[in-house]
**Q** 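Please read through the structure below; I'll follow up with questions.
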Amino acid sequence: MIVLDKENNVFTLHTQNTTYQMKADEYCVLLHTYYGPRIRSGDLSCLIQYADRGLSPNPNEAGHRRDYSLDTLPQEYSTCGVGDFRLPSIEFEPEDGSRLADLRYVGFELRKGKYSLEGLPSFWGGDEWETLIIFMEDAASQMSVELFYGVLENCDLITRAVRVTNRGTGVVRLRRCASLCLDFQNDGDYDFITFDGCHALERNLNRSPLRPGIQSVESVRGTSSHHHNPFVILCERQASEDYGICYGTALVYSGNFLAAVERTQLEHNRLLLGINPYHFCWTLEPGASFTTPEAAMICSPSGFGQMSRQYHRAIREHLIHDPLQGRQRPVLINNWEATEFAFNADKLVDIASSAAPLGIELFVMDDGWFGTRDSDLGGLGDWTVNENKLPGGLKALVPRIQKLGMSFGIWIEPEMVSEDSSLYRAHPDWVLGPPGRPHTRGRSQLTLDFSRKDVRDHVYADLRKVLDSASISYVKWDMNRSLTDVWSAALPADRQGEVFHRYILGVYDMLDQMRQDYPHILIEGCTGGGGRFDAGMLYYTPQIWCSDNTDAVDRLRIQYGTSFCYPVSTMGAHVSAVPNAQTGRSVSIRTRGVVAMSGTFGYEMDLNNTTPEEKKLIREQVAFFKEHYHLIQRGDYYRLSDPFQGGPFTAWEYVSPDRKEALVSLVTGTTHASPAFRTLRLKGLDPALCYRINGEGRWPGDMLMNAGWPIPMSLFQDDYQAAQLYLTTM
Ligand code: DGJ
């Protein structure tokens with residue numbers, strides 16, 4: 001609910017559990033007055049304190065009022081060069097070369113429903129949303145700024161985006177434009193939580209206390225990256241899973257980003273999130289606008305768990321587009337880890353044949369089916385079937401898979417080209433990079449200039465021929481390198497600062513086209529695993545391959561970190577062969593299954609190489625997953641332990657909305673002699689109800705939550721044992 005106090009220019013955004021407020025003061029400076037647990041009503045600007053601080057300047061209209069400074073007051077969208085020395089939200093350069101932005105409030109608009117952003121992914125929905133637009137202006141440069149706010153009450157979600165328009169007569173260069181600025185004036189000690197890592201080890205949780213100065217994570221790789229995620233949390237020092245105030249902020253964007261927090265001279269905290277200013281410069285001709293990506297904030301008054309559940313719900317119900325409209329997504333088998341590039345039609349059918357009787361429903365043919373793609377040295381860009389491997393093409397292969405009762409999916413990597421390809425030989429100028437400079441290779445491949453529509457159209461036309469040639473119900477859209485040599489032949493020298501952003505807009509454009517042309521196709525995102533695991537990609541690809549690391553033990557951490565923002569139903573997770581290709585570790589098929597079914601479940605191995613006992617277990621796993629699909633994919637998710645603490649086990653739980661059903665999964669760590677007795681405290685149950693565990697016993701909900709479930713000693717008698725407890729009410 002958005003409440004306006006027009007007389008005092010106070011704008012209050014209420015969600016179910018939180019309140020967010022801003023106020024335009026007597027100088028039309030837009031002050032941020034509050035964000036936190038819900039407060040019934042009132043002008044909260046009384047929280048703001050004024051004091052004369054040495055070397056903090058005063059705006060001209062404030063005369064000699066030295067206690068009024070932009071440097072110390074909490075700003076809704078921070079300015080640049082006119083008295084606030086903290087992180088600026090915006091920076092632009094008119095023809096006079098000044099870099100000053102003195103934004104003042106000029107008006108507002110309130111709408112039912114959710115705003116949308118042309119060419120950019122954003123949360124969507126109907127009348128359950130309200131939109132507030134605040135208009136601001138820098139009078140001297142005639143630059144106008146619109147701050148968009150979308151409020152989705154029941155998810156505690158507030159989305160934000162910014163549109164800047166050049167209303168003057170000269171050209172302006174926009175050099176920085178954050179999607180979100182969040183100032184906290186009176187709050188003391190906060191921690192900054194980020195999700196970091198590398199290829200095959202993404203989204204490790206890191207938590208550190210804020211210290212004076214700036215702390216930040218960013219990507220300059222052209223992707224949101226494996227290395228840092230565009231989702232960060234600010235929280236009270238004492239905040240934990242179930243306690244304390246925390247603020248999640250997620251950028252709905254898949255390119256370069258910057259998330260920075262500044263702790264100021266007065267121990268205030270400012271968080272900025274948006275496109276990375278690195279190599280960003282957008283030319284605004286008179287009348288032209290630039291729109292930032294969206295940012296999505298959720299404040300939880302009661303810890304991280306509640307924040308995550310709200311994100312999960314909002315993402316499932318208001319961000320992704322589900323081609324299956326809520327029906328079960330198929331359990332899949334993918335041939336990559338089993339064969340890499342060394343396969344032919346018979347081998348693929350062989351793998352599919354071993355999977356179909358076990359209940360696996362979708363066969364995914366991974367990299368290597370096209371052009372001269374017999375290794376990762378060539379072939380990318382030539383999207384025609386390699387008939388040496390697949391005689392008769394997809395027309396011959398797909399019916400053979402369908403005959404087994406399975407549907408068919410295919411791997412593509414549209415953004416890339418190999419030097420050894422017909423496409424590159426015909427159009428060497430279509431890759432990123434200026435002429436006269438040797439190209440930097442990544443995985444031996446070059447990046448097509450996706451900022452160019454002609455390049456995209458060519459690739460898409462080729463891909464359409466493939467997608468139209470057979471019955472295809474799933475596409476894995478991969479991308480396997482960071483961007484370098486970022487320069488486009490289609491733009492003049494003074495607009496090369498637009499290429500990074502135009503590239504990702506191009507990716508979104510083609511994904512959107514594909515989504516609309518093939519509404520039945522489930523697209524799984526993949527960027528060498530989880531290099532673009534972000535809310536931007538989720539708008540187009542309802543699931544994303546979480547990591548190239550399929551080791552069940554490493555996955556405990558990767559999926560744990562991922563779960564802080566992103567729901568289980570978005571995390572691609574597969575059982576693969578042992579010893580694991582990435583870590584060399586061997587864990588049981590049972591444990592691998594328990595971990596992988598906490599995602600969009602699948603297998604990535606040749607099941608012909610499994611024993612009859614393993615096959616039986618796999619058949620049971622698949623059946624179990626299907627039976628509990630709605631609980632796993634749509635239930636409320638609870639983290640019961642933190643795998644980064646090195647405790648004796650990792651556990652998590654799904655609870656049905658009516659709290660009558662729950663599923664707990666647990667994986668132990670490495671074994672030791674004389675293990676201690678352990679109990680596992682559950683969460684989210686109905687304290688007044690009694691539950692059966694795996695059909696047995698009588699377990700009061702309050703007991704399971706307060707005292708816990710005694711973990712049988714047998715589970716600690718070997719490394720990485722797994723258990724699942726299915727709870728039903730009596
Ligand atoms: C990287 C992906 O993450 C893998 O799953 C696989 O598809 C390979 N690329 C294929 O090249």
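One-based numbering, in listed order, for ligands and for the atoms of each.
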**Q** Give the residue, atom name and distance (to 0.1 Å) of the protein heavy atom nearest atom 6 (C) of ligand 1.
**A** Asp366 OD1, 3.4 Å
**Q** Do the non-hydrogen side-chain atoms of Arg515 and Tyr539 ever get within less than 4.5 Å of each other?
**A** yes
**Q** Are Ser563 and Arg639 close enough that a side-chain donor and a side-chain acceptor fall under 3.5 Å?
**A** yes
**Q** Could you tell me which atoms of ligand 1, counted from 1 in the order shown, lie closer than 4.0 angstrom to a heavy atom of Trp411?
**A** 7 (O), 10 (C), 11 (O)
**Q** For Trp545, take its heavy atoms, then give the atoms of ligand 1 lying under 4.0 Å from any of them.
**A** 3 (O), 5 (O)
**Q** Are Phe564 and Phe231 close enough, and set up right, to give a ring pair (Phe, Tyr, Trp, His ring centres under 6.0 Å), and what steps lead you there?
**A** CA-CA 9 Å; Phe564 276 76; Phe231 168 71; 7.7 Å; no
**Q** Considering only protein heavy atoms, which is closest to atom 9 (N) of ligand 1, and at what distance to one decimal place?
**A** Asp478 OD2, 2.7 Å
**Q** Note the single closest protein heavy atom to atom 4 (C) of ligand 1, along with its residue, its atom name and the distance in Å.
**A** Asp548 OD1, 3.5 Å
**Q** I'd like to check which ligand 1 atoms, numbered from 1 as shown, lie under 4.0 Å from a non-hydrogen atom of Asp367.
**A** 10 (C), 11 (O)
**Q** Taking NZ, NE, NH1 and NH2 as the nitrogens, is one of them in Arg327 or Glu361 under 4.0 Å from a carboxylate oxygen of the other?
**A** no
**Q** Between Asn334 and ligand 1, find which residue part has any heavy-atom pair under 4.0 Å and reply side chain, backbone, both or neither.
**A** neither
**Q** Work out whether the distance between some heavy atom of Arg443 and some atom of ligand 1 is less than 4.0 Å.
**A** yes
**Q** Would you please determine whether Glu413 falls within less than 4.0 Å of ligand 1 on a heavy-atom basis?
**A** no
**Q** Less than 3.5 Å apart, any donor N or O on the side chain of Gln445 or Glu413 sitting next to an acceptor on the other?
**A** yes
**Q** Give the numbers and elements of all ligand 1 atoms closer than 4.0 Å to a heavy atom of Cys526.
**A** 2 (C), 3 (O)
**Q** Any atoms of ligand 1 less than 4.0 Å from a non-hydrogen atom of Lys476? List them with their elements.
**A** 4 (C), 5 (O), 6 (C), 7 (O)
**Q** Between Arg464 and Asp517, does at least one N-O distance fall below 4.0 Å, as a salt bridge requires?
**A** yes
**Q** Any nitrogen or oxygen of Trp336, side chain or backbone, less than 3.5 Å from one on ligand 1?
**A** no
**Q** For ligand 1, which atoms sit closer than 4.0 Å to a heavy atom of Asn480?
**A** 1 (C), 9 (N)
**Q** Is the closest N or O pair between Gly528 and ligand 1 shorter than 3.5 Å?
**A** no
**Q** Is a side-chain donor-acceptor pair under 3.5 Å present for Ser598 with Gln559?
**A** no
**Q** Should we say atom CZ of Arg441 is surrounded by more than 12 heavy atoms from elsewhere, each under 6.0 Å from it?
**A** no
**Q** With a 4.0 Å cut-off on N to O distance, would you call Asp374 and Lys389 a salt bridge?
**A** yes
**Q** In terms of atom number and element, which parts of ligand 1 are under 4.0 angstrom from non-hydrogen atoms of Gly529?
**A** 3 (O)
**Q** Output yes when Asp420 and Arg425 qualify as a salt bridge under the 4.0 Å nitrogen-oxygen rule, no when they do not.
**A** yes
**Q** Please determine if Glu604 has a nitrogen or oxygen closer than 3.5 Å to a nitrogen or oxygen of ligand 1.
**A** no
